[in-house]
> 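Okay, here's the structure, questions in a sec.
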Amino acid sequence: VQLQASGGGLVQAGGSLRLSCAASGLTFDDYAIGWFRQAPGKQRDLVATITVGGSTGYDDSVKGRFTISRDNVKNMLYLQMNSLKLEDTAVYHCNTVTRRYSWGQGTLVTVSS
């Protein structure tokens, strides 16, 4: 199983980024999937989730700014991030919401002032 996140980069505060996660080796539409992030020196936290049917959930820290979506045909997960803040700086990963599979490298998002 591979869950490969991409799309990170350096962006100014207030800017936007769109992350993608390509899933392979699993039956993608069997799982609720989430975006997780890990800031330097901190634990990895779940910030956004989406069920097989498309119901979404967000941590309060990103609610109203981030939008999670999925394409069950392409086995892809997305995270549209708007109004980025300095505290959004982290390595972002995708996984099932139960953290079933090994973590990939993730994609680094750096928000600058």
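Excluded from the calculations below are hydrogen atoms, water molecules and symmetry mates; all remaining heavy atoms, backbone and side chain alike, are included.
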> Work out which heavy atom in Thr67 is nearest to a heavy atom in Tyr58; give both atom names and the distance.
CA-OH, 3.3 Å
> Stepwise, does the side-chain contact (heavy atoms from CB on, under 4.5 Å) test hold for Leu79 with Arg18?
CA-CA 6 Å; Leu79 187 68; Arg18 187 189 192 216; over 6 Å; no
> Drop me the distance from Asp30's CG to Thr96's OG1, to the nearest 0.5 angstrom.
11.5 Å
> Measure the shortest side-chain to side-chain distance between Ile33 and Arg70 over non-hydrogen atoms and say whether it is less than 4.5 angstrom.
yes
> Could you tell me whether a side-chain N or O of Asn72 sits under 3.5 Å from a main-chain N or O of Asp29, the two making a donor and an acceptor?
no
> Output the distance between atom CD (Gln105) and atom CD (Gln4), rounded to the nearest 0.5 Å.
6.5 Å
> Starting at CZ of Arg37, measure out to SG of Cys94 and round the result to the nearest 0.5 Å.
15.5 Å
> When you group the ILVMFWY residues by side-chain heavy-atom contacts below 4.5 Å and let the links chain together, are Met81 and Val62 in the same group?
yes
> Is it the case that the side chain of Thr110 and the backbone of Leu10 share a donor-acceptor pair, with hydrogens and angles ignored and the cut-off at 3.5 Å?
no
> Throw together a table of side-chain donor-acceptor distances under 3.5 angstrom for residues 39-56, partners on residues two or more places apart or in other chains.
from	atom 1	to	atom 2	distance (Å)
Gln43	NE2	Asp45	OD1	3.0
Arg44	NH2	Gln38	OE1	3.3
Thr51	OG1	Gly53	N	3.4
Thr51	OG1	Gly54	N	3.2
Thr51	OG1	Ser55	N	3.0

> Carefully, step by step, assess Leu19 and Thr107 under the rule side-chain contact (heavy atoms from CB on, under 4.5 Å).
CA-CA 8 Å; Leu19 305 185; Thr107 189; 4.0 Å; yes
> How close do Asp71 and Phe28 get, heavy atom to heavy atom, and via which atoms?
O-CE2, 3.9 Å
> With a 3.5 Å distance limit and no angle check, can you tell me whether Tyr31 reaches the backbone of Leu26 through a side-chain donor-acceptor pair?
no
> Within the side chain of Trp35, is there an N or O that forms a donor-acceptor pair under 3.5 Å with the backbone of Tyr78?
yes
> A side-chain contact here means heavy atoms from C-beta on lying under 4.5 Å apart; do Met76 and Ser20 qualify?
yes
> Out of curiosity, Ser61 OG to Asp88 CG, how far, rounded to the nearest 0.5 Å?
7.0 Å
> Is the side chain of Thr89 donor-acceptor paired with the backbone N or O of Val111 at a distance under 3.5 Å, no angle test?
yes
> Roughly how far, to the nearest 0.5 Å, is OG of Ser24 from CD of Gln2?
4.5 Å
> Could you tell me whether Lys63 and Asp60 have a side-chain N and a carboxylate O separated by less than 4.0 Å?
yes
> Which word best sums up how the rings of Trp103 and Phe36 line up, parallel for under 30°, tilted for 30 to 60°, or perpendicular for over 60°?
perpendicular
> Can you sort out the partners of Ser16 under side-chain contact (heavy atoms from CB on, under 4.5 Å), two or more places apart, ordered by chain and number?
Gln80, Asn82
> Only counting residues at least two apart or in another chain, list the ones meeting side-chain contact (heavy atoms from CB on, under 4.5 Å) with Ser113.
Leu86
> With the 4.5 Å side-chain cut-off for hydrophobic clustering, are Val91 and Phe66 part of the same group?
no
